[in-house]
Amino acid sequence: MEAQQESRSLPTTPLSLQNKQREEMMACVAALEAALLPCLPARELQAVDRSAHSSHQIDVERHARDFMEAAKKLQLYFISLQHEDQPTKEEMLRKEISIMEDELKTKSELIKKHENRIEAWREELKEQLDRHTTELQSV
């Protein structure tokens, strides 16, 4: 009992958590296999051959029920793993914010590039205007 309390008080490391999850999955798989094997026709046919009773139908139903229970446990295990792997709402929002910041940076650079072009065009137009004004004054 003290060993159980000590193991509960120890912090769970990622490695021990992975080992626990692996053990849980292996236990589910073993239960599924144990429930499935008696459902296979060869085993049931052997049971019928050895048995003079018609109770083999009850055995098949019991094994099928055990198999379904084990399959449900395995399904729930995989669903829980799937939920653990999904990002939290905070992580999703941070990712969205990062994407928006990158988009804003790209658009700001594009705006700056266009402003520089416009400024260059203004200078070119001003030079042309000055040339035309000079030509007109000289005439």
Side-chain angles (χ1 to χ4, degrees):
M1 180 144 173
E2 287 179 23
Q4 288 177 346
Q5 289 176 347
E6 287 177 18
S7 67
R8 287 183 191 161
S9 65
L10 293 175
T12 0
T13 63
L15 186 58
S16 65
L17 185 62
Q18 286 177 347
N19 288 338
K20 183 181 178 205
Q21 289 176 340
R22 180 178 166 84
E23 289 172 7
E24 287 176 1
M25 183 180 67
M26 294 305 289
C28 288
V29 170
L32 191 62
E33 184 178 6
L36 175 64
L37 287 177
C39 293
L40 297 176
R43 287 213 172 190
E44 289 307 322
L45 291 174
Q46 290 173 2
V48 170
D49 291 343
R50 288 183 296 207
S51 171
H53 305 316
S54 63
S55 65
H56 68 278
Q57 183 64 29
I58 296 170
D59 288 342
V60 171
E61 289 173 3
R62 181 176 50 85
H63 292 312
R65 188 176 57 250
D66 291 346
F67 175 77
M68 291 306 294
E69 287 175 16
K72 285 178 186 175
K73 286 181 184 177
L74 192 58
Q75 182 183 23
L76 289 174
Y77 172 76
F78 284 122
I79 288 172
S80 72
L81 283 182
Q82 186 179 21
H83 286 296
E84 288 176 8
D85 290 342
Q86 290 182 347
T88 63
K89 188 170 185 169
E90 181 180 319
E91 290 170 339
M92 288 173 50
L93 289 174
R94 286 178 196 250
K95 185 176 180 181
E96 280 185 44
I97 289 170
S98 175
I99 290 170
M100 288 179 184
E101 287 174 342
D102 290 343
E103 187 177 344
L104 182 62
K105 181 180 175 186
T106 303
K107 289 181 178 181
S108 295
E109 289 172 356
L110 189 60
I111 289 171
K112 186 70 173 168
K113 179 181 168 184
H114 286 294
E115 285 175 344
N116 290 339
R117 281 186 180 171
I118 290 171
E119 188 59 37
W121 292 338
R122 280 186 182 151
E123 288 176 14
E124 189 176 319
L125 288 173
K126 187 174 187 281
E127 289 173 9
Q128 285 180 5
L129 180 64
D130 290 342
R131 274 196 311 249
H132 289 299
T133 307
T134 306
E135 286 178 13
L136 286 174
Q137 287 176 352
S138 64
V139 172

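Residues take their numbers from the sequence shown, with the count starting at 1.
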Distance-only criterion, 3.5 Å: show the donor-acceptor pairs between side-chain atoms of residues 92-107 and protein atoms not counting sequence neighbours.
{"from": "Arg94", "atom 1": "NE", "to": "Glu90", "atom 2": "OE2", "distance (Å)": "3.2"}
{"from": "Arg94", "atom 1": "NH2", "to": "Glu90", "atom 2": "OE2", "distance (Å)": "2.6"}
{"from": "Glu103", "atom 1": "OE2", "to": "Lys107", "atom 2": "NZ", "distance (Å)": "3.0"}
{"from": "Thr106", "atom 1": "OG1", "to": "Asp102", "atom 2": "O", "distance (Å)": "2.9"}

Task: side chain to side chain donor-acceptor pair (under 3.5 Å) contacts touching residues 127-139 (sequence neighbours left out) - done: none
Task: ILVMFWY cluster, Phe67 and Leu76 together (side-chain gap under 4.5 Å) - done: no
Open item on the list: Distance check, rounded to the nearest 0.5 Å: His114 atom NE2 versus Leu110 atom CG?
Closed with: 4.0 Å
TODO: Treating Ile, Leu, Val, Met, Phe, Trp and Tyr as nodes and any side-chain heavy-atom pair under 4.5 angstrom as an edge, say whether Met68 and Tyr77 lie in one connected cluster.
DONE: yes
Task: Between CG on residue Leu129 and CG on residue Leu136, distance to nearest 0.5 Å - done: 9.5 Å
Open item on the list: Can you confirm whether Gln75 is buried at CD, in the sense that more than 12 heavy atoms of other residues, nucleotides or ligands lie under 6.0 Å from that atom?
Closed with: no
